[in-house]
Asker: 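Structure provided below as structure tokens; questions to follow.
Proteins come first, then strands; the chains are lettered A, B, ... in the order of their sequence lines, and each starts at number 1. A quick note: this is a predicted structure, and the numbers were derived from the prediction, not measured.
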There are 2 protein chains.
Amino acid sequence: MDAIDWDQTIRKLGKKSTPQRRAILTALSRMNRPATVEEIFVAVREHHETSISTVYRNLELLFSEGLTTKQGFPGEKTRYCLKREHHEHTLVCIDCQKIVTITGCPLESYAIEVGRRENFVVVDHRMEMYGYCQQCNHLRGRLSK
Amino acid sequence: MDAIDWDQTIRKLGKKSTPQRRAILTALSRMNRPATVEEIFVAVREHHETSISTVYRNLELLFSEGLTTKQGFPGEKTRYCLKREHHEHTLVCIDCQKIVTITGCPLESYAIEVGRRENFVVVDHRMEMYGYCQQCNHLRGRLSK
DNA sequence: ATAATAAATGCGAATCATTCCTATTCTTAT
DNA sequence: ATAAGAATAGGAATGATTCGCATTTATTAT
């Protein structure tokens, strides 16, 4: 079922449906979390030969076509994630990097309103929250100086 | 007035008050916007000799001590900005990279609430809005295929 | 089906921001 | 003023990402 879907998805973009592209989309779909290029590369390789530059190129393509998100703070590796139906944000653990996806976004109308005020056409926004997950927070308490 | 203030600021951190550090803080204060390391380096150089690695090291120090913000999306250069009294967000033009600082944040309580729900201690969040500034939006209309 | 052709891939080289190394210099506390 | 440790300079190293180009592949028209 996967293969056929992705084939259509790619064709709709006016791009060639290559095994690598289908495999990348399949991997993204299976992972379903913001993953690094390397992680995606490894996941794809489990089933298909690919080069890392192909993965880079296609993730960038998917992002520019709006099929994935692309995130990553300074010093971190870039993470791509297949977009879900609904706009989402993430909550990231500062210690263990665990990522929780939060659905529901309080910013849609706010962003537009700010855009109006500042004479911008706002087309997107990004938001991430940082903190300590339960486990790491406990650990932190125990180790704190 | 600058010099003396920054001298005290640095000493309070338990760090040595070097001319480079004072100059970097002065530059950040004058620029007062999220600036790239290179921009800050150039600004500092107008008045003092410095090496870029010193700028890097000290910006990182200031960030880890909580005196600056640090932002930058994948593929962009990292930007540092002296923290103001109030928490702020930015609105960035996708074309010309103009950055408008937005005061007022609708996320404070939201972040805490999400943290409670997900068992995270949320300590920070980041949000940026993207769009086209008036000028670039006009240009975009004119050039669109 | 087949050939033509435009696009995509692979892979090594190049890039570029950032970090690291370490000899030298500067700050600070005594 | 001096000693001891911290900070700096600047060049080398790193590492993620991009680029160039020869080769392969998917698509379209025949």
Asker: Could you work out, with ring-ring contact (aromatic ring centres under 6.0 Å, His included) as the rule, every residue matching Y130(B), not counting sequence neighbours?
Answerer: F73(B)
Asker: Treating primed atoms plus P, OP1 and OP2 as sugar-phosphate and everything else as base, which nucleotides of nucleotides 25-30 of chain C get B, S or - for protein heavy atoms under 4.0 Å?
Answerer: --BS--
Asker: Hey, are S17(A) and R22(A) close enough side-chain-wise for a donor-acceptor pair under 3.5 Å?
Answerer: yes
Asker: Does atom CZ of R33(A) have more than 12 heavy-atom neighbours, drawn from other residues, nucleotides or ligands, at distances under 6.0 Å?
Answerer: yes
Asker: Counting primed atoms plus P, OP1 and OP2 as sugar-phosphate and everything else as base, spell out the protein contacts along nucleotides 14-22 of chain C at 4.0 Å heavy-atom distance: B, S or - for each nucleotide, 5' to 3'.
Answerer: ---SBBB--
Asker: Could you give me the CA-CA distance, side-chain angles and deciding distance for R11(A) and Q8(A), then say whether side-chain contact (heavy atoms from CB on, under 4.5 Å) is met?
Answerer: CA-CA 5 Å; R11(A) 283 161 180 278; Q8(A) 289 310 309; 4.1 Å; yes
Asker: Less than 4.5 Å apart, side chain to side chain, heavy atoms only: is that true for T78(B) and F63(B)?
Answerer: no
Asker: I need the CG-P distance between N58(A) and dG10(C), as an integer number of Å.
Answerer: 9 Å
Asker: To the nearest angstrom, how far is R21(B) atom CZ from dA9(D) atom P?
Answerer: 11 Å
Asker: Provide, to the nearest angstrom, the distance between the CD1 atom belonging to I10(A) and the P atom belonging to dA7(C).
Answerer: 17 Å
Asker: Do other residues, nucleotides or ligands put more than 12 heavy atoms under 6.0 Å from E76(B) CD?
Answerer: yes
Asker: Output the rounded distance in Å from NE2 (H48(B)) to C1' (dA9(D)).
Answerer: 17 Å
Asker: OP1 or OP2 of dA9(D) less than 4.0 angstrom from a side-chain nitrogen or oxygen of S51(B), does that happen here?
Answerer: yes
Asker: For E65(A), look at atom CD and say whether over 12 heavy atoms of other residues, nucleotides or ligands are found less than 6.0 Å away.
Answerer: yes
Asker: Less than 4.5 Å apart, any side-chain heavy atom of V42(A) and any of R45(A)?
Answerer: no
